[in-house]
Amino acid sequence: SLVALMTAFSGCKKTEARKPGEVLIGFSSRDLSAEYTAKLSEAVVEYAKTKPGVGLVMVDAQSDAQKQISQIENFISLKVDVIILNPCELEASTPAVDRAKAAGIPIVLVNQVTKSAGNAYIGSNDVDAGHIAMEAVAKKLGGKGGVLMIHGIMGTSAQLQRETGAREVFAKYPGLKLVDHQTASWDRAKAMSLTENWIQAHKGKFQAIFAHNDEMAMGALLALERAGIKKDVYVIGIDAIAQALTAVKEGRLDATVFQDAVGQGKGSVDAALLLARKQPCPKENLIPFQLVTPENITPFLK
Amino acid sequence: MLQALELSKDFGGLTVLQPTSVDFLPGEVHALMGENGAGKSTLMKVLAGLYRPDGGHVEWRGVQADFASPHDALVAGIAMIHQELMPIPDLTVAENITLGAEPCGRFWQINRPAQRQRALELLKELEANIEPDRLMRTLTVAQTQVVEIAKALGRRADVILMDEPTAALSEQEVAALFRSIARLKARGVTIVYTTHKMDEVFKLADRISVLRDGRLVGTSPASELNPAKLIQLMVGRELADIFPVRLPPTDEVLLEVSNLTREPAYRDISFRLHRGEVVALAGLMGAGRTEVVSAIYGLQPATSGEIRFKGRPLSLRDPQDALAAGIGMVTEDRKGLGLIPALGLGQNVTLTALREFCRGQMIDHKAEAVAIRSRVAEFTIKATSPSQPIAQLSGGNQQKALLARCLLGDPDLIILDEPTRGIDIGAKAEIYSAIQGLARSGKAVLLVSSELPEALSLAHRIVVLRRGSVAATLDAATADQETVLRHAMPL
Amino acid sequence: MPALDRHLLHRFGLLLVILAVGLGLSFVTDTFLSVANLTNVARQVSINGILAVGVTFVLLTAGVDLSLGSVVALSGVACATFAHPGDHTVFIPIAVGLLTGAACGLVNGVLVTRGGVAPFIVTLGMMTIARGLALIFSGGRPVANMSSELTSLAGDFLGVPIPVLCFASVATGAWFFLRNFRLGRHIYAVGGNENAARAAGVPVERVKLFAYGLCGLLTGLAGVVLAARITTGQPNAGQAYELDAIAAVVIGGTSLAGGVGTITGTLLGVLLIGEINNGLDLMGVSSYFQAVIKGVIIVGAVWLDRRQSRS
Amino acid sequence: MPALDRHLLHRFGLLLVILAVGLGLSFVTDTFLSVANLTNVARQVSINGILAVGVTFVLLTAGVDLSLGSVVALSGVACATFAHPGDHTVFIPIAVGLLTGAACGLVNGVLVTRGGVAPFIVTLGMMTIARGLALIFSGGRPVANMSSELTSLAGDFLGVPIPVLCFASVATGAWFFLRNFRLGRHIYAVGGNENAARAAGVPVERVKLFAYGLCGLLTGLAGVVLAARITTGQPNAGQAYELDAIAAVVIGGTSLAGGVGTITGTLLGVLLIGEINNGLDLMGVSSYFQAVIKGVIIVGAVWLDRRQSRS
Ligand SMILES: Nc1ncnc2c1ncn2[C@@H]1O[C@H](COP(=O)(O)OP(=O)(O)OP(=O)(O)O)[C@@H](O)[C@H]1O
Ligand SMILES: Nc1ncnc2c1ncn2[C@@H]1O[C@H](COP(=O)(O)OP(=O)(O)OP(=O)(O)O)[C@@H](O)[C@H]1O
Ligand SMILES: [Mg+2]
Ligand SMILES: [Mg+2]
């Protein structure tokens with residue numbers, strides 16, 4: 001049976017001795033079971049493959065900042081040339097950045113900043129995403145009406161920043177009322193149940209639902225459709241996952257906020273290679289969010 | 001010294017102990033007698049602080065004692081040997097014996113050599129040869145019982161409540177225990193003793209209190225009683241000779257065991273059992289009797305040898321095979337291998353033969369209820385209702401239920417491992433006649449019993465085991481206790 | 001039916017808590033007691049309910065199944081993969097979902113019975129394995145584009161939500177089975193005292209295998225229902241569902257040590273959890289406090305219930 | 001020390017698996033066997049290790065603690081709140097973290113012993129309550145800006161990471177305690193047969209209270225170490241940490257039914273999990289397959305171990 005174990009290992013390829021000039025990138029992804037991050041990570045992997053002389057080790061932090069720090073420590077002992085970090089948290093992933101810098105390994109942050117700046121940052125500010133989404137709501141409602149907000153897992157950076165962005169808009173439009181807000185932990189089924197309950201509790205008192213991501217927006221959408229009151233409620237999410245885009249195109253979902261996963265992924269690899277080859281690299285590459293509505297959907301569908 | 005004053009106890013509305021007053025004097029052996037379910041264990045548990053009384057109180061050295069837990073009672077000097085064996089399976093023998101009274105150093109760290117020494121001393125006092133470093137789970141039932149006794153002796157208590165301490169013991173250990181009791185008595189220790197073995201009572205007791213249906217019938221000096229009178233008090237009627245007449249067996253061989261071996265437990269065991277015959281396996285504790293019958297029931301298959309049943313060889317991998325062939329068994333380890341504690345009495349009884357009350361895969365509740373009712377009556381099992389969880393029944397009644405379970409399946413060969421353990425004298429008589437009834441109806445019984453009189457009067461033949469081998473096969477009609485013991489003793 | 005009576009009395013404390021919470025909610029909110037909302041509650045509890053019924057069997061044998069949530073996801077993904085419009089009749093994806101669940105359950109059962117590995121470890125292993133497989137099969141993306149026949153499984157039938165019908169029939173069947181079938185009795189016996197059950201001729205291994213397999217099958221059903229409800233096979237769905245399901249069962253009086261418990265108890269447990277979730281949402285309690293209140297009510301309910309049944 | 005020998009032999013299969021996996025990893029990667037990487041592994045397992053040692057006590061009494069992860073978060077938040085630079089000496093936040101954990105543990109213990117509620121329910125309740133409290137106290141935001149004295153707790157001391165030192169001393173202490181102290185043996189007795197222990201005069205309630213309290217205290221320690229490591233009190237930290245900790249303990253041979261198990265076994269379990277996590281990351285195995293492989297190795301290791309110790 002030990003033999004069986006050994007053969008299990010031999011199935012995996014040995015990390016070959018590195019050829020001179022080859023660049024090894026370590027990439028720690030926030031959570032590969034989340035669709036958006038998975039898309040971004042896939043872009044990183046695929047894009048790195050197209051570059052000659054580049055190796056990549058990808059690991060998944062499964063939303064645990066502690067684990068992510070461990071992974072950066074592993075990268076340091078693996079002696080990678082450069083690290084791409086897709087941080088789990090703004091604060092809690094900071095030591096990961098500090099560790100890498102202390103070890104003299106350049107580090108690129110993607111999609112989320114940390115307290116300590118990396119050598120480069122590719123991405124967008126989640127506060128903007130919340131802001132853009134709520135602005136769209138405000139515009140649709142003419143600055144007046146009841147809104148429900150569905151949070152992601154409480155206390156995560158994305159949830160906090162998207163909420164902050166949304167709150168800015170509420171402050172701007174006194175007529176906009178936050179009727180209720182509640183977490184559905186990024187989960188579609190939970191968002192669906194939550195929305196069903198809200199339909200009972202706040203019937204007629206809300207005209208829009210803003211969900212912190214598209215999964216939850218889809219859940220809210222399904223609940224509203226089932227109750228037959230979708231036409232009275234404006235629903236918007238963030239991320240522009242495939243299903244959400246389709247729903248926007250079909251006119252079911254009103255809008256989503258596009259975050260360029262592929263662009264961020266590719267950008268981070270480019271930055272990493274520049275840093276690894278000690279070439280100058282721009283400190284920040286902000287890829288803006290875009291509001292996706294049925295009117296401008298076509299280019300996003302691909 | 002210790003006094004029970006108008007003690008009473010209810011369980012969920014059922015009064016188990018009517019207001020009862022008894023006093024126990026220093027240095028006496030006070031026997032508590034009564035049928036199964038009379039309330040003996042309950043009374044003892046109240047005295048030991050395990051149950052809080054619902055009425056009355058306990059007086060200890062002249063002051064009212066209000067024991068909130070066994071811990072309080074132990075501190076006051078009252079220890080108890082429980083009827084239900086309570087080993088901690090994954091601690092060692094020494095740790096079990098000293099549990100709750102470990103010899104400790106200055107920082108509550110355990111002094112292991114002292115602990116071991118203490119255990120050795122206590123076991124020696126009981127003349128038991130058990131290695132103190134063994135894990136409790138590797139012990140036989142009898143050895144476990146010895147450890148329980150040692151545990152209570154080790155508390156240096158002024159009162160020791162002994163609830164059927166000899167139920168699982170064989171003659172040798174019983175004798176050792178009695179010697180130990182004599183020494184305790186000489187030191188002024190009070191012993192409260194419960195048993196269903198009549199001879200023990202008159203050997204030991206100074207005074208006897210009799211309980212019937214939770215009520216004290218009376219207390220009198222042992223010298224004023226004789227077995228017949230005592231039984232009359234306990235049962236409320238007279239009991240004729242409890243051993244029924246044996247009929248000669250048939251010639252038809254039902255079971256033939258040859259060269260059955262599973263080292264190191266037993267080897268080369270061969271014997272035959274005819275229809276209509278009762279054969280007893282005798283031997284000292286650890287002689288391997290339980291292991292041999294376990295193999296015939298498929299509980300722990302032998303490694304070599306042959307079992308022929310009804311003329312055909314049997315391969316037994318588990319009890320299902322045995323049951324399918326027509327072999328039933330009542331195991332010795334009631335708690336571990338018998339009871340399903342949370343199931344009701346009735347469901348425990350029908351468990352093995354459930355198929356008989358089924359239409360297809362579905363249970364016919366009516367038929368089941370009828371069968372249960374008749375069995376409960378037949379075996380005089382005392383319970384509030386057939387759905388009462390069996391764990392709540394008194395020890396003897398649990399044993400009767402298991403016997404009923406085994407017989408419900410109507411097996412041809414019935415293996416009984418210590419079947420009358422903890423059973424009162426009246427019920428014993430019923431079981432004995434049931435055993436003869438089985439033999440008469442052309443079935444066969446393989447009996448393991450540590451009570452030699454029982455084995456001698458019930459069985460046609462006695463197979464004596466010594467250290468896992470057959471030492472002799474005796475004709476019960478001509479053999480006596482000395483002969484059996486002589487063969488059973490290691491040379 | 002004395003057993004039933006005894007049981008309802010036993011769980012009387014729990015029933016009281018459920019009614020008290022319900023009464024409180026119908027005072028505080030004006031929607032709780034509406035037909036529409038009670039239908040909601042029923043719909044929302046049905047997935048947890050199906051899982052809870054399944055895991056009741058496993059818990060009764062003194063086992064545990066931590067893989068529920070992941071297997072829900074895996075079955076959902078498997079079902080959705082075969083449910084694209086025009087691909088197959090609706091029975092195929094349903095069968096695929098159910099069988100996936102049952103297969104996982106059987107693997108659990110075999111490892112527990114033949115392998116002798118503790119159920120906690122086996123099902124913890126299955127938890128990560130099934131999650132991994134769900135992600136692998138789906139490529140980490142939700143499997144969307146499900147046929148409307150399948151998603152209509154989350155709709156209504158004669159005004160009653162189909163998930164609720166599923167749950168109701170599963171619960172009724174399980175209740176009937178445990179009471180009236182020999183195998184049902186054997187499950188209690190195995191959980192009550194495995195060695196004694198074996199000595200009494202109960203086929204312990206087969207009984208356990210059945211319990212795990214059935215639990216897996218029902219988990220598969222929950223996966224299909226969930227996929228229909230959220231119109232996707234979501235590889236990361238069902239996170240921590242096992243905790244809610246086991247909690248419901250244990251609240252309902254089933255012992256983790258096995259051998260004790262009933263489906264009616266499980267139903268009450270499921271209802272209590274569903275009621276709390278719905279009620280707190282209706283009252284608009286902030287999600288931080290929701291967590292605290294939910295914990296307190298659950299512990300409190302069990303505490304009351306046990307006090308009640310002791311006296 | 002016959003008990004120790006017996007034990008190491010018992011867990012020999014597990015040790016073999018750990019060595020075999022290690023050997024495999026040092027062939028496949030050229031970094032696994034480096035001092036730097038092994039230090040990494042040690043550092044990475046220390047939080048899970050501290051939790052596992054704590055929960056060993058609870059599992060030995062036949063209890064369970066599902067609240068570990070949430071209490072880690074709560075203690076971390078509590079610690080971080082008092083750890084802003086210049087506020088207090090470093091001992092105050094540490095003490096606050098430890099006491100928060102201990103308090104949660106004691107509440108668990110009281111509810112289990114006095115309230116008679118099943119440990120599963122009590123600690124599941126505490127799981128959601130502690131998470132809620134962590135969010136309430138922190139306002140849902142990470143508590144940042146911790147003093148460098150506190151965060152230096154995640155650093156090195158004489159070249160050895162301080163978390164590793166914490167873990168090592170906790171484990172040694174617990175090992176010694178369980179073997180040699182009266183209370184330690186009483187923990188086994190209570191888990192092995194609660195009624196027997198009570199009848200022998202063991203103060204069962206106090207023993208359990210101690211076990212839950214100690215587990216809570218160590219959870220608090222883990223919370224402090226985690227906060228130091230991630231330089232924040234993160235209210236949503238520690239998700240599902242209880243599963244990893246309990247898994248390590250059970251892999252190490254501790255029975256969920258109580259009464260059986262050792263700290264050395266727990267150590268081996270912690271090591272195996274840490275080794276797998278580290279190794280699979282080093283090899284760059286895709287995380288979906290990691291989940292599957294991890295599940296298979298854990299179940300396989302326990303299976304081998306039990307086979308080995310049976311024969
Ligand atoms: N925990 C309990 N709950 C309900 N009834 C109980 C409980 N314990 C004992 N009883 C009942 O109390 C009665 C007396 O039991 P007890 O154990 O004292 O009898 P006993 O005299 O020791 O009998 P035996 O000789 O069989 O040991 C029995 O009818 C039993 O069913
Ligand atoms: N002192 C001992 N040391 C080690 N093993 C023992 C000892 N005594 C008994 N055993 C084990 O127990 C086995 C016999 O136990 P078994 O229960 O079959 O005996 P028994 O004749 O039924 O006696 P009883 O049931 O009265 O204890 C032995 O073969 C041996 O394996
Ligand atoms: Mg008794
Ligand atoms: Mg025997």
Side-chain angles (χ1 to χ4, degrees), chain B residues 12-13 294 297-300 317-324 327-344 346-365 368-369 385-391 402 405-406 408-409 411 415 417, chain C residues 1-10 12 59-62 113-114 173-208 210 214 253-262 265 308-311:
Chain B
S294 297
Y297 187 58
L299 265 172
Q300 202 172 22
R317 281 158 292 126
D318 58 31
Q320 272 176 274
D321 296 342
L323 286 164
I327 303 176
M329 173 162 164
V330 177
T331 53
E332 175 186 27
D333 183 2
R334 182 160 68 210
K335 207 169 149 208
L337 289 176
L339 307 174
I340 314 284
L343 278 189
Q347 303 193 333
N348 262 286
V349 168
T350 54
L351 184 60
T352 300
L354 196 54
R355 196 189 300 265
E356 317 222 328
F357 312 104
C358 283
R359 272 179 306 214
Q361 290 296 311
M362 271 176 63
I363 299 168
D364 179 349
H365 289 286
E368 191 191 10
S385 87
S387 60
Q388 185 179 15
I390 199 163
L402 293 184
R405 175 199 289 175
C406 171
L408 196 55
I415 303 173
D417 196 355
Chain C
M1 305 193 181
L4 177 65
D5 294 349
R6 197 181 60 222
H7 178 261
L8 269 187
L9 255 171
H10 255 227
F12 193 58
L59 292 179
L60 280 177
T61 69
T113 54
R114 301 258 153 249
W175 175 81
F176 189 80
F177 179 85
L178 281 177
R179 269 176 64 77
N180 295 316
F181 275 69
R182 202 152 64 96
L183 193 46
R185 182 76 58 82
H186 283 175
I187 285 175
Y188 283 97
V190 167
N193 184 345
E194 182 171 331
N195 289 329
R198 184 174 291 117
V202 175
V204 174
E205 262 70 49
R206 251 183 295 151
V207 170
K208 285 196 187 177
F210 170 80
L214 182 68
T254 296
S255 155
L256 284 170
V260 186
T262 55
Q308 152 80 29
S309 60
R310 239 181 296 161
S311 63

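Per chain, numbering begins at 1; letters A, B, ... match sequence-line order. Everything quoted here is computed from the prediction, not taken from an experiment.
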_Pick from C:A197, C:P203, C:G184 with the largest number of heavy-atom pairs that fall under 4.5 Å of chain B_ = C:P203
_Student check: side-chain heavy atoms of B:M362 and C:R182 closer than 4.5 Å_ = no
_Proximal component of B:T350, with respect to chain C [non-hydrogen, under 4.5 Å]_ = side chain
_Residue part contacting chain C, namely of B:L299, when any heavy atom lies under 4.5 Å_ = side chain
_Contact origin within B:R334 toward chain C - heavy atom pairs under 4.5 Å_ = neither
*chain C heavy atoms under 4.5 Å from B:Y297: which part of the residue, side chain, backbone, both or neither?*
side chain
*Nearest atoms (heavy-atom pairs only) where B:P341 meets C:G192*: CD-O, 3.8 Å
_Quick check for you: to the nearest 0.5 Å, what is the distance between B:I340 atom CD1 and C:N195 atom CG?_
9.5 Å
*Are the side chain of B:T352 and the backbone of C:A200 linked by a donor-acceptor contact shorter than 3.5 Å?*
yes
*C:V260 versus chain B, heavy atoms under 4.5 Å apart: side chain, backbone, both or neither?*
side chain
*Side chain to side chain, C:F177 and B:Q361, heavy atoms closer than 4.5 Å*: no
*CZ on C:R185 to CG on B:L343, rounded to 0.5 Å*: 7.0 Å
*Would you please test B:L351 and C:H186 for side chain to side chain contact (heavy atoms under 4.5 Å, CB included) and show each step?*
CA-CA 8 Å; B:L351 184 60; C:H186 283 175; 4.1 Å; yes
*Could you check if a side-chain atom of C:N180 sits within less than 4.5 angstrom of a side-chain atom of B:H365, using non-hydrogen atoms only?*
yes
*Any donor and acceptor pair, going by atom type alone, linking the side chain of C:Y188 with main-chain N or O of B:A342 inside 3.5 Å?*
no
*Does C:N193 use its side chain to pair, donor to acceptor, with the backbone of B:K335 at less than 3.5 Å?*
yes
